[in-house]
4 protein chains.
Amino acid sequence: MLNRVILIGRLTRDPELRYTPAGVAVTQFTLAVDRPFSSNQGQREADFIPVVTWRQLAETCANYLRKGRLAAVEGRIQVRNYDNNEGRRVYVTEVIADNVRFLESPNSGNREDGSGMGGSSGGGSSSGGGNRGSYGGGREQQDPFQDDGRPIDISDDDLPF
Amino acid sequence: MLNRVILIGRLTRDPELRYTPAGVAVTQFTLAVDRPFSSNQGQREADFIPVVTWRQLAETCANYLRKGRLAAVEGRIQVRNYDNNEGRRVYVTEVIADNVRFLESPNSGNREDGSGMGGSSGGGSSSGGGNRGSYGGGREQQDPFQDDGRPIDISDDDLPF
Amino acid sequence: MLNRVILIGRLTRDPELRYTPAGVAVTQFTLAVDRPFSSNQGQREADFIPVVTWRQLAETCANYLRKGRLAAVEGRIQVRNYDNNEGRRVYVTEVIADNVRFLESPNSGNREDGSGMGGSSGGGSSSGGGNRGSYGGGREQQDPFQDDGRPIDISDDDLPF
Amino acid sequence: MLNRVILIGRLTRDPELRYTPAGVAVTQFTLAVDRPFSSNQGQREADFIPVVTWRQLAETCANYLRKGRLAAVEGRIQVRNYDNNEGRRVYVTEVIADNVRFLESPNSGNREDGSGMGGSSGGGSSSGGGNRGSYGGGREQQDPFQDDGRPIDISDDDLPF
DNA sequence: TTTT
DNA sequence: TTTT
């Protein structure tokens, strides 16, 4: 079996870093990836694809990625499910990333930022300022994947790899 | 932007061929893709990933793929949404395939079956017999993506590419 | 069968646009892709991977890519061979791209430049002279991209896709 | 940077297992991957793509793969070079695989044979093995996989990953 | 022959 | 030098 995904897109929001009860870092963000064609209403649309990173990569992503930034993500598709408060089973599809490249950095001019893998995470970074604008430069699209009341259940059982 | 997925897995059921009002073929199936590691309960798990094909490729898949068969799929992740009968917005993530390889065929011994792309679709649907076996050879897992009451809304607006 | 490559790297030189006798555009460039680890001498190394694009994509690449620019390339590996002037068979491996993303542009600040696919090529077009070399097609072929004295002939038989 | 290749094809010969002086296993084989179109002489052609695997994966490939078998390979493109006996620099392009799937097995009927990885179970960690080491890393290297009179030396410096 |  |  084989399950491989490669995406290039922009973050719809700042990444969210959390920790499992056992202290393992998890970061979630959503990538807006423009579709390669226009809709028949002539608009360019995007797919909003949830991405999850774990451990060191999670820390690095939380430190270096921000809303609007361009990133390349390598990983696999994972489908998990939970029962919501109406007793319905809900399916959640995410890309579990094992490699993230930062394709832009605000302060280093126009250069690639380095790797999400080997990168020493350095300090808190977050470099302030950042954060303008709608994700993709202009269109006011909405990130559908956030605090919509879904129970958040990160457990240490969810560790991939 | 870039959005590329490659999967190898087994069909959880026979593919479902439908037509849009304008007569465009669409085929949906789910691929069970084993995870590359075991859960911490020591079980091997799988992701059940919905795949959609259109037009000629849809016809070919409907003709040649069957429950339990191994296939390779190339495509892109698409996230669409609709409002369910409780007025909640539901997000559906699918792989829109533009290339499918049939990695097994029941009657040609142990050989690859050919391409889903250029393949002359040949005749009649091959419906016969089909349907033995649980998808992954043994485990009785459940395909979560079927007739669970979700409205099916294939429209001609959904044509990719 | 399946053959898919995705690269992100920097151009080692300006791209070279040429035309087949029938006027089909071909652009060649080399991508320097850093390896994901350091050598045991502690140096970071790169692979230098030749990329070939055809037709509209070739024009767009010639117009928008330059030495040092970051690009994402999607395509397939192609291996062709020719007999050199010593009568030895030489094997040439290239990535035939069907999609190129420009991940930096010098004049548009810090934004992605757009697609290599749908891009209107705009200005320069650079039609110039060039023109020989059979590329990719039959057997016993010449490498059109080397001006080191080997015979060159690009023919229109060499069009992929 | 990013460098990802996925291939499905057939082995042109039995794989060749060797060991470095330090006893690290290396296996080389060539995958014949049919092109997705016919030549203008109407023939279907193939690319013959050299694949290299290391360590445990090398042993597994040597044990389970044979000439003619269908396999899926995931890895990265590596370009190394050496100076041949005429003093010319020769460039060798190979896919360094980190995942191989056996898509056919002769004795288990028509089923997929399993993974080339041998996933460690347990919850966390896994990811096995050290890192670093560039295979074909330094400069001026020999191609260890050709017995045509060129000097052979696989060194332990060549370990990838 | 290589990019940052 | 190539597989089916």
Side-chain angles (χ1 to χ4, degrees), chain A residues 101-105 108-115, chain B residues 101-105 108-115, chain C residues 1-3 7-16 28-35 43-51 65-73 79-81 83 88-91 103-104 106 139-140 143 145-148, chain D residues 1-3 7-16 28-35 43-51 65-73 79-81 83 88-91 103-104 106 139 143 145-149:
Chain A
R101 298 285 145 176
F102 311 141
L103 298 175
E104 277 177 2
S105 74
S108 65
N110 207 356
R111 303 271 81 137
E112 185 191 15
D113 208 13
S115 151
Chain B
R101 299 284 145 176
F102 311 142
L103 299 174
E104 277 178 3
S105 73
S108 64
N110 207 355
R111 302 273 80 138
E112 186 190 15
D113 207 12
S115 152
Chain C
M1 313 302 198
L2 189 151
N3 182 340
L7 304 173
I8 298 179
R10 292 185 185 282
L11 277 84
T12 61
R13 326 185 50 180
D14 287 355
E16 280 182 61
Q28 203 271 355
F29 55 89
T30 295
L31 227 46
V33 183
D34 291 331
R35 293 190 181 159
Q43 306 154 257
R44 289 211 105 218
E45 295 172 354
D47 292 291
F48 297 95
I49 302 173
V51 176
L65 287 177
R66 287 293 170 273
K67 178 178 176 173
R69 263 347 130 60
L70 191 67
V73 163
V79 182
R80 60 195 173 79
N81 60 75
D83 294 314
R88 257 181 184 281
R89 178 141 300 181
V90 179
Y91 293 88
L103 297 175
E104 277 178 1
R139 269 73 239 290
E140 326 286 297
D143 178 359
F145 303 112
Q146 296 290 100
D147 248 321
D148 60 348
Chain D
M1 312 300 198
L2 189 149
N3 181 340
L7 305 172
I8 299 179
R10 291 186 186 282
L11 276 84
T12 61
R13 325 184 52 181
D14 287 356
E16 280 182 61
Q28 203 272 354
F29 55 89
T30 296
L31 226 49
V33 182
D34 290 331
R35 293 191 181 160
Q43 307 154 255
R44 290 212 105 218
E45 294 173 355
D47 292 291
F48 297 96
I49 302 174
V51 176
L65 287 176
R66 286 294 171 272
K67 177 177 178 174
R69 262 349 129 60
L70 191 68
V73 163
V79 182
R80 60 194 172 80
N81 60 73
D83 294 314
R88 260 180 182 281
R89 177 142 300 182
V90 179
Y91 292 88
L103 298 175
E104 277 177 2
R139 269 58 248 295
D143 179 0
F145 304 111
Q146 295 291 100
D147 248 320
D148 59 349

Atom CG of C/L65 and atom C1' of E/dT2 are separated, to the nearest Å, by 16 Å
Checking F/dT3, E/dT2, E/dT3 against the side chain of C/T30 (C-beta onward), the nearest is E/dT2
Rounded to whole Å, the CG-C1' distance (D/L103 to F/dT4) equals 14 Å
note: C/E16, atom CD; E/dT2, atom C1'; distance rounded to Å ~ 13 Å
note: C/R44, atom CZ; E/dT3, atom P; distance rounded to Å ~ 16 Å
With the side chain defined as heavy atoms from C-beta on, D/Y91 is closest, among F/dT2, F/dT3, E/dT2, to E/dT2
D/N81 atom CG is separated from E/dT2 atom C1', nearest whole Å, by 11 Å
note: D/F29, atom CZ; F/dT4, atom P; distance rounded to Å ~ 15 Å
Out of F/dT3, E/dT3, E/dT2, minimum distance to the side chain of D/A32 belongs to F/dT3
Practice problem: For the pair C/R89 (side chain) and C/D83 (backbone), establish whether a donor and an acceptor sit closer than 3.5 Å, ignoring hydrogens and angles. | Solution: no
Between CG of C/L11 and P of E/dT1 the distance, given in whole Å, is 19 Å
Sorted by chain and number, sequence neighbours left out, side chain to side chain contact (heavy atoms under 4.5 Å, CB included) with D/R66 holds for D/D14, D/P15, D/R69
Discussion item. Strictly distance-based, threshold 3.5 Å: is any side-chain N or O of B/R101 a donor or acceptor partner for the main-chain N or O of C/M1?
Written reply: yes
Residue set satisfying side chain to side chain donor-acceptor pair (under 3.5 Å) with D/D47, at least two apart, ordered chain then number -> D/R35
Counting only side-chain N and O atoms of C/R89, is one of them less than 4.0 Å from OP1 or OP2 of F/dT1?
yes
Quick note, C/T12 side chain, CB onward, closest among F/dT2, E/dT3, F/dT3 is E/dT3
C/L2 atom CG is separated from F/dT4 atom P, nearest whole Å, by 20 Å
